[in-house]
Participant: 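First, the structure itself, so that you have it in front of you.
The first residue in the sequence is number 1, and the count goes up from there. From a predicted model like this one, the values you see are computed outputs, not experimental measurements.
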Amino acid sequence: YTEISNSYTLLGDYDRSIQYLEKALALYRKNEDEDEVARTLNNIGYTYKYDGQYAKAITALQQGLVIRNKINGPGFHASKATLVDNLAEVYLAQGQHARAVSSYQQAIQHVLPGFRPISDEENPTREQLQNASDKESLLTYLGDKARGWQAYYIADKDPKNLQQALSTLQLTDYLIDLMRLEHTAE
C-alpha cells in the first residue's frame, strides 16, 4: 500500500494517497507492528502537509512520536528524527519560523548523541560531525535547518537569521567534505 500511496502523492492525488496509507495503517495496527505504525503515521503526516492540511499533518506526526516514545523511551533517538523534521516542515509551511528552526534543531539532536545546544542558534562542532554515525541524515537535517533560517530571514529581514543560515550551510559544506573523504578512503 505504501508504494501505491507514494505514486499517488507524486501525481498530486493526496486523497487517494491517504486512502492507501490508511489501509496500510490498519494492517500494521492489526499486526501490532508499532514500528510500521509510526512510519506510516509519518507518511500520512507528510502527505497531509503536501496537501496543505497542516492540522491533520501535525496530528499524525505527533501520534507517530507518541508511538516512537513508547518504543524507544522519551529521550533522543534517531528513529524520532524524521518525524520531528517533518513537523518542522509543517511549521515552516505555516510560517511558524521559530518553531520550525527549533524542531529542525531537535531532529539534529536525535541523530547526534551528545549535541545538547543551549539555543537554536547553536550548531554542532566539527568534532561532533566527524564522530557522527549517520552523516547522511545529519546533512539533511542541517540543510533543513539552514533553509528554515533563510525562510525566517525572508519573513522578517533580520540579518541575524541570514547569518544563522550561512553558518549552518558552512557546516553542511564541511560535512559534505567529510563524507567525500570517508567515501574515497573506502
Participant: For residues Ser79 and Asn72, is any side-chain donor paired with an opposing acceptor at under 3.5 Å?
Facilitator: yes
Participant: Above 12 or not: heavy atoms from other molecules or residues under 6.0 Å from NZ of Lys30?
Facilitator: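 Check fails, neighbour count at 12 or below.
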Participant: Do you know the tightest heavy-atom contact between Pro124 and Leu129?
Facilitator: CB-CD2, 4.1 Å
Participant: Tell me whether Ile18 shares a hydrophobic cluster with Val90, the cluster being built from Ile, Leu, Val, Met, Phe, Trp, Tyr side chains joined at under 4.5 Å.
Facilitator: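 Each belongs to a different hydrophobic cluster.
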Participant: At what distance, to the nearest 0.5 angstrom, does NE2 of His97 lie from CD1 of Ile154?
Facilitator: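 Spacing of NE2 (His97) from CD1 (Ile154) equals 8.0 Å.
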Participant: So how far is it from Lys135 NZ to Leu142 CG, rounded to the nearest 0.5 Å?
Facilitator: 12.0 Å
Participant: Do the rings of Tyr8 and Tyr20 sit parallel, tilted or perpendicular, given the 30° and 60° boundaries?
Facilitator: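 Correct class here is parallel.
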Participant: So, Gln105 side chain and Glu122 main chain: donor-acceptor pair closer than 3.5 Å or not?
Facilitator: yes
Participant: Tell me, with the steps shown, if Glu89 and Arg147 meet salt bridge (Lys or Arg N to Asp or Glu O under 4.0 Å).
Facilitator: CA-CA 10 Å; Glu89 291 291 317; Arg147 193 169 38 80; 2.4 Å; yes
Participant: Mark yes or no for whether Asp51, through its side chain, and Thr47, through its backbone, hold a donor-acceptor pair below 3.5 Å.
Facilitator: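 No, Asp51 side chain to Thr47 backbone: no donor-acceptor pair under 3.5 Å.
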Participant: For the side chain of Asn31 and the backbone of Asp33, is there at least one donor-acceptor N/O pair under 3.5 Å apart?
Facilitator: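 No: the side chain of Asn31 does not pair with the backbone of Asp33.
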Participant: Assess the residue pair Asp177 and Met179 against the criterion (side-chain contact (heavy atoms from CB on, under 4.5 Å)); give the C-alpha distance rounded to whole Å, side-chain angles, the decisive distance to 0.1 Å, and a yes or no.
Facilitator: CA-CA 5 Å; Asp177 287 343; Met179 293 167 68; over 6 Å; no
Participant: Under a single-linkage definition using a 4.5 Å side-chain heavy-atom cutoff for Ile, Leu, Val, Met, Phe, Trp and Tyr, are Ile44 and Ile71 assigned to the same hydrophobic cluster?
Facilitator: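 In one cluster with Ile44: Ile71, yes.
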Participant: Tell me if a side-chain donor or acceptor on Thr59 pairs with a main-chain N or O of Ala55 at a distance below 3.5 Å.
Facilitator: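 The answer is yes, because a donor-acceptor pair under 3.5 Å joins these two groups.
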Participant: So do Arg99 and Gln94 actually touch side chain to side chain, heavy atoms under 4.5 Å?
Facilitator: no
Participant: Looking only at heavy atoms, which two atoms of Ala165 and Gln150 are closest? And how far apart?
Facilitator: CB-CG, 3.5 Å
Participant: How long is the span from the CG atom in Leu166 to the CG atom in Asn161, to the nearest 0.5 Å?
Facilitator: 12.5 Å
Participant: For Lys80 and Gly75, indicate whether the former's side chain and the latter's backbone hold a donor-acceptor pair under 3.5 Å.
Facilitator: yes
Participant: Is it true that a side-chain atom of His183 and a backbone atom of Leu181 form a donor plus acceptor pair closer than 3.5 Å?
Facilitator: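 Side chain of His183 to backbone of Leu181: no pair is present.
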Participant: Same cluster or not: Ile176 versus Leu138, using hydrophobic residues (I, L, V, M, F, W, Y) connected whenever any side-chain heavy atoms lie under 4.5 Å apart?
Facilitator: yes
Participant: Any non-hydrogen side-chain atom of Tyr152 less than 4.5 Å from a side-chain atom of Asp158?
Facilitator: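 They are not in side-chain contact.
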Participant: As an exercise, state the distance from CG of Leu21 to CZ of Arg16, rounded to the nearest 0.5 Å.
Facilitator: 14.0 Å
Participant: With side chains defined as the heavy atoms from C-beta onward, is the minimum distance between Leu92 and Tyr104 less than 4.5 Å?
Facilitator: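 Result yes, sub-4.5 Å side-chain heavy-atom pair found.
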Participant: Do Glu22 and Leu25 touch side chain to side chain, with heavy atoms closer than 4.5 Å?
Facilitator: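 The answer is yes; the side chains approach within 4.5 Å.
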Participant: Please walk me through it: do Ile58 and Tyr91 pass side-chain contact (heavy atoms from CB on, under 4.5 Å)?
Facilitator: CA-CA 9 Å; Ile58 290 169; Tyr91 298 141; 3.8 Å; yes
Participant: What is the ring orientation for Tyr50 with Tyr46, classed by angle as parallel under 30°, tilted 30 to 60°, or perpendicular over 60°?
Facilitator: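 Answer is perpendicular, since the angle exceeds 60°.
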Participant: With side chains defined as the heavy atoms from C-beta onward, is the minimum distance between Arg126 and Leu175 less than 4.5 Å?
Facilitator: no
Participant: Decide yes or no on side chain to side chain donor-acceptor pair (under 3.5 Å) for Glu121 and Ser119, but give the supporting numbers first.
Facilitator: CA-CA 5 Å; Glu121 289 81 12; Ser119 71; 3.0 Å; yes
Participant: Between Tyr14 and Thr9, is there a side-chain heavy-atom distance shorter than 4.5 Å?
Facilitator: yes
Participant: Establish, from distance only, whether the side-chain atoms of Thr172 and Tyr141 form a donor-acceptor pair under 3.5 Å.
Facilitator: no
Participant: Can you name the closest pair of heavy atoms from Ser5 and Ser17 and give their distance?
Facilitator: OG-OG, 2.7 Å
Participant: Testing the basics here: between His110 and His77, what is the closest heavy-atom pair and its distance to 0.1 Å?
Facilitator: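 Result for this residue pair: ND1-N, 3.0 Å.
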Participant: Under a 3.5 Å threshold, yes or no: a donor from one side chain and an acceptor from the other, between Tyr174 and Gln130?
Facilitator: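 Side-chain D/A pair, Tyr174 to Gln130: present.
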Participant: Please name the pair of heavy atoms, one in Asp120 and one in Lys145, separated by the smallest distance, quoted to 0.1 Å.
Facilitator: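 Scanning both residues completely, I find the closest heavy atoms to be O-NZ, 3.0 Å.
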Participant: Is atom NZ of Lys70 surrounded by more than 12 heavy atoms (other residues, nucleotides or ligands) closer than 6.0 Å?
Facilitator: no
Participant: Nearest 0.5 Å, what's the CG-CG distance between Leu171 and Leu178?
Facilitator: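 Answer for the CG-CG pair, Leu171 versus Leu178, is 9.5 Å.
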Participant: Out of curiosity, Asn42 CG to Asn86 CG, how far, rounded to the nearest 0.5 Å?
Facilitator: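 Spacing of CG (Asn42) from CG (Asn86) equals 4.5 Å.
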Participant: Flag yes if Leu139 and Val111 sit in one hydrophobic cluster, no otherwise; membership is Ile, Leu, Val, Met, Phe, Trp, Tyr, and two members link when side-chain heavy atoms are under 4.5 Å apart.
Facilitator: yes
Participant: Grouping I, L, V, M, F, W and Y whenever their side-chain heavy atoms are under 4.5 Å apart, do Leu65 and Leu41 come out in a common cluster?
Facilitator: no
Participant: If you draw a 6.0 Å radius around OH in Tyr54, do more than 12 non-hydrogen atoms from other residues or ligands fall strictly inside?
Facilitator: yes
Participant: For the residue pair Gln106 and Ile108, establish whether any side-chain heavy-atom pair is separated by less than 4.5 Å.
Facilitator: no
Participant: Quick check: closest heavy atoms across Val84 and Ser103, and the distance to 0.1 Å?
Facilitator: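 Shortest heavy-atom separation between Val84 and Ser103 comes out as CG1-O, 3.1 Å.
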